[in-house]
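Encoded as structure tokens, the structure appears first; notes follow it.
Atom set for the values below is all heavy atoms of this structure, side chains included, hydrogens, waters and symmetry mates excluded. What you are looking at is a predicted structure, and each value in this text was computed from that prediction instead of being measured. Counting convention: from 1, in listed order, for ligands and their atoms alike.
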Amino acid sequence: MELRLTDEQRMVQKTIRQFVEKELMPLENDVLRNERAGKPGISAEKLKELQDKAKKAGFWGINTPEEYGGANLGQMMMALVAMEISKTFVPFTFGGSADNILYYGNEEQKKRYLIPTINGEKKSCFAMTEPGAGSDTRNIKMTAVKDGSEWVLNGEKTFITGGNEADFVMVIAVTDKEKGRDGVTCFIVDRDMGWKSEYIDTMGEWGPAALIFDNVRVPEENILGELHGGYNLGLEWIGFARWIVGARAVGAAERLLQMAIDYSQERKTFGKPIADRQAIQWMIADSAVEIEAAKWLVLNAAYTLDNGEDNRHLASMAKLYGANMGNNVVDRVLQIHGGMGYTRELPIERWYREARLWRIYDGTDEIQRLIISRNLLKGHVKLGEFI
Ligand SMILES: Cc1cc2nc3c(=O)[nH]c(=O)nc-3n(C[C@H](O)[C@H](O)[C@H](O)COP(=O)(O)OP(=O)(O)OC[C@H]3O[C@@H](n4cnc5c(N)ncnc54)[C@H](O)[C@@H]3O)c2cc1C
């Protein structure tokens, strides 16, 4: 067993770190100013400019298969990249990627949706959650009724990431009510087929949307995958993002803890730096231990997937622990900064608001615990199975 990064992984980590420090961190004040004025953190043009710069440095399509022009670096690299990128809150993503389930499209769908998404010409979103069906995905009510060669979709989706900007949505609807989870289908639906989006104000800057479908007619050829095969596609979409949440939390927490380490050595009270106080030292120590533990969980989830093994149990662990670690660390870092931590002069409050989301989307804490305990109680996974 090798518990260190390879030379290649270290090189990628270093290059991305430099990109984040040189290109993204200098934008942080602008991002804060824009967001506080109710505008996107960075404009679409700026994002494109940054993505083009990253592309020149070889970072494009990080996880996209080579046949689609991607670098296909694998999950371990994805984890390392996500950790580095999350050391800033600048809302940047590398170009050249598409949702994992779009690869299930037929040749025509790949031409119309997958390739334009990879090339940045089209934006996608994925919609499973409804006002009455979040954790309980079996309660989905959106209907799709066949009418000639078309399906007619009615219902509402909620909290859809990217739903305000998307050109098309991959939406899950009930096609056979009697069949439960074997009676739902995933449809690719262009915005100009008639669905509407409404911005949802949240405590963070994520800005999800409600999507309204009122007799939206979708041609039969826009079914993604198999008729009635939507449930598994949904799980696959959610599963892909799940452990990455842990990676994001690790990156943010490392940056935040460094801020606390620096500040605690500068800030003096009662004649001494607060870093000399055990109360502060313990917060630093606990945070460092939790970050390290979360990092190993994330890397194990990534390694397991790269190895072609089922990583769902580890993905839930990495998400649950990572999200909670991130919340613990940002709270301690805010505490170490005292009143300054609570101001909008520093970005800690922004991270504090964003971190709260990590415990909710892509399966809440409670749902991750349910999955982990069920796997163990039913014997799907044995303790100590992975190492
Ligand atoms: C900013 C944001 C972005 C999102 N992006 C997307 C997206 O792109 N696409 C998409 O489809 N969805 C998206 N979601 C939806 C997200 O996945 C759901 O909000 C989440 O799964 C929880 O569902 P819910 O909000 O309906 O809560 P509920 O399911 O109603 O849960 C309420 C509470 O009860 C708990 N609970 C529920 N069931 C159980 C149980 N069996 N045992 C114990 N406790 C339980 C939950 O953990 C939670 O604490 C997003 C959400 C947010 C906030």
So is there a nitrogen or oxygen of [X] less than 3.5 Å from a nitrogen or oxygen in ligand 1?
X: F126; value: yes
X: E366; value: yes
X: M128; value: yes

Tell me which protein heavy atom sits closest to [atom], plus the residue, atom name and distance to 0.1 Å.
atom: atom 39 (C) of ligand 1; value: I367 CD1, 4.1 Å
atom: atom 24 (P) of ligand 1; value: G134 CA, 3.9 Å
atom: atom 53 (C) of ligand 1; value: L357 CD1, 3.5 Å

- prompt: Checking salt bridge (Lys or Arg N to Asp or Glu O under 4.0 Å) against R36, which of E345, E349, E205 comes through?
  reply: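 By the salt bridge (Lys or Arg N to Asp or Glu O under 4.0 Å) criterion, R36 pairs with just one of E345, E349, E205: E349.
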
Numbered atoms and elements of ligand 1 in range of I160, under 4.0 angstrom, heavy atoms: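 Reading through ligand 1 atom by atom, the close ones are 7 (C), 8 (O), 9 (N), 10 (C), 11 (O).
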
message: Heavy-atom distances under 4.0 Å decide this one: backbone, side chain, both or neither, for L370 against ligand 1?
response: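 Only the side chain of L370 comes within reach of ligand 1.
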
query: Considering only heavy atoms, does T129 approach ligand 1 within less than 4.0 Å through its side chain, its backbone, both, or neither?
result: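 Both backbone and side chain.
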
- prompt: Where do Q109 and I223 come nearest, in terms of heavy atoms and distance?
  reply: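 The answer is NE2-O, 2.7 Å.
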
query: Shortest non-hydrogen contact from A275 to Q281?
result: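 Heavy atoms only, the tightest pair is O-NE2, 3.0 Å.
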
query: Would you say D362 contacts ligand 1, with heavy atoms under 4.0 Å as the rule?
result: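 It does; at least one heavy atom falls under 4.0 Å.
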
query: Is the shortest distance from a heavy atom of I360 to ligand 1 less than 4.0 Å?
result: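 Contact present.
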
Any idea which of [options] brings a heavy atom closest to [atom]?
atom: atom 4 (C) of ligand 1; options: F159, W206, Y361, W237; value: F159
atom: atom 8 (O) of ligand 1; options: L211, T161, N139, T137; value: T161
atom: atom 28 (P) of ligand 1; options: S135, P131, A166; value: S135

query: Could you give the distance from CE (M128) to CD (E130), rounded to the nearest 0.5 Å?
result: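 Rounded to the nearest 0.5 Å, the CE-CD separation comes out at 9.5 Å.
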
message: Could you check whether K55 makes a cation-pi contact with W60, meaning its NZ or CZ is under 6.0 Å from the centre of the six-membered ring and within 45° of the ring axis?
response: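 Judged by the rule, K55 and W60 form a cation-pi pair.
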
query: Is the closest side-chain donor-acceptor distance between T137 and Y231 under 3.5 Å?
result: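 Y231 and T137 do have a side-chain donor-acceptor pair below 3.5 Å.
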
- prompt: Is there side-chain contact between F89 and E28, with heavy atoms separated by less than 4.5 Å?
  reply: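 Yes, close enough: below the 4.5 Å cut-off.
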
query: Is any heavy atom of the protein nearer than 4.0 Å to atom 32 (C) of ligand 1?
result: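 Protein heavy atom within 4.0 Å of atom 32 (C) of ligand 1: absent.
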
- prompt: Measuring to protein heavy atoms, does anything land under 4.0 Å from atom 36 (N) of ligand 1?
  reply: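 No.
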
task: Look at E156 together with K196 and state whether they make a salt bridge at an N to O cut-off of under 4.0 Å.
output: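 Salt bridge between E156 and K196, a charged N being under 4.0 Å from a carboxylate O: no.
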
field: Lys/Arg N to Asp/Glu carboxylate O, K48 vs E45, below 4.0 Å
entry: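 No, K48 and E45 are not salt-bridged.
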
query: What about F240 and I238, same hydrophobic cluster or not, with Ile/Leu/Val/Met/Phe/Trp/Tyr joined at side-chain heavy-atom distances under 4.5 Å?
result: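 No, F240 and I238 fall in different hydrophobic clusters.
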
